[in-house]
Amino acid sequence: MVSIEVRNASVDFPIFDAKTRSLKKLVLGKVGGKIGTQAKVPIIEALQDITISLKEGDRVALVGHNGAGKSTLLRLLSGIYEPTVGTAQINGKIAPVFDLAVGMDPEISGLENIMIRGLFLGMTRKEMEKRVDDISAFTELGDYLHLPLRTYSTGMRVRLALGVVTSIDPEILLLDEGIGAVDAAFMSKARDRLVDLVRRSGMLVFASHSDDLLFELCNTAIWMDEGRVKMQGSLREVLTAYKGRDPFEHMSPETLERLGEKA
Ligand SMILES: Nc1ncnc2c1ncn2[C@@H]1O[C@H](COP(=O)(O)OP(=O)(O)OP(=O)(O)O)[C@@H](O)[C@H]1O
């Protein structure tokens, strides 16, 4: 059974090379985690006292200002970071998609990169062999797929990476917003695959500043602020509080219906 249970978890980053005195003088703005200066070594309290319980079928949007702790939370959920205090229990096969470029090797061909990246995301070689034709067709890269990745443009790399990412079958899909920064024309093509991917994954946690993608993919939301959970609830409730207005307000009844919202 897929589930995530985080109890009173905090993540600190000690800054060993910082000058304590100048840090103490810092007045923090609205952006970024809290800087603790009580200990000998200054620490950034990136996450504080996080308690989250997620179950199969949850599609969670992570929202919050820059530095609020969204990426750190995703890394905690993926097991990359251990909590400094508290616990994080994750049951399920995780696919962390934080950076489309991670796991790509510039010296090997596009086709080989498709395999490697799939294995990195938790697929078996057999599963990837079945998918490679479909991914190749989606990328529209043709003969380029036999050339080393270093000969690709940025957009071509994104096509390849997105093709692989949207072909996997994860139990827990953790997405960081980089994927929103894709060329608009290709994104509209990738969108259907992304929606499909999210449908067949057991759980999604998606950190993004893009309302459109959040509407499309998520049903609940967590608002992070200065390393803490400020609010949890339905996507509409949380976005309305976070933005100070209802982002669904001016949508057509058809769009609202498609998104499963009431007018
Ligand atoms: N490796 C690290 N070392 C030190 N501090 C870090 C590290 N990673 C994150 N932080 C700090 O933790 C806090 C939370 O950062 P995080 O990247 O999780 O924010 P975010 O909500 O994802 O921001 P954004 O929307 O800008 O991507 C910030 O104050 C950041 O400076």
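Atoms within each ligand, like the ligands themselves, are counted from 1 in listed order.
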Summary of side-chain hydrogen bond (donor to acceptor under 3.5 Å, both in side chains) pairs that have at least one residue in residues 76-98, sequence neighbours excluded
S3-N91
Which residues, ordered by chain and number, are linked to L119 in its hydrophobic cluster, where ILVMFWY side chains connect at heavy-atom gaps below 4.5 Å, directly or through other members?
none
Ligand-residue contact atoms, ligand 1 with I44, heavy atoms, under 4.0 Å
5 (N), 11 (C), 12 (O), 29 (O)
If you measure from each non-hydrogen atom of N66 to ligand 1, which part falls under 4.0 Å: side chain, backbone, both or neither?
both
Nearest option to atom 12 (O) of ligand 1, as decided by whichever heavy atom of A46, A68, S71 sits closest:
A46
Where's the contact between H209 and ligand 1, heavy-atom distance under 4.0 Å: side chain, backbone, both or neither?
side chain
Measuring from the heavy atoms of R75, does anything fall under 4.0 Å of ligand 1?
no
So does S109 get a backbone contact from the side chain of N113, meaning a donor-acceptor N/O pair under 3.5 Å?
yes
What atoms of ligand 1 come within less than 4.0 Å of a heavy atom belonging to H65?
21 (O)
Considering distance alone, does some N or O of G67 sit under 3.5 Å from an N or O of ligand 1?
yes
Does R131 use its side chain to pair, donor to acceptor, with the backbone of E127 at less than 3.5 Å?
yes
Regarding R75 and D176, does a basic nitrogen lie under 4.0 Å from an acidic carboxylate oxygen?
yes
Residues R191 and D196 bridged, charged N to O under 4.0 Å
no
Verify, without hydrogens or angle tests, whether N219 (side chain) and R59 (backbone) share a donor-acceptor contact under 3.5 angstrom.
yes
Under 4.0 Å from any heavy atom of T72, which atoms of ligand 1 are there?
9 (C), 14 (C), 15 (O), 16 (P), 18 (O)
Heteroatom proximity flag, G64 to ligand 1, N/O under 3.5 Å
no
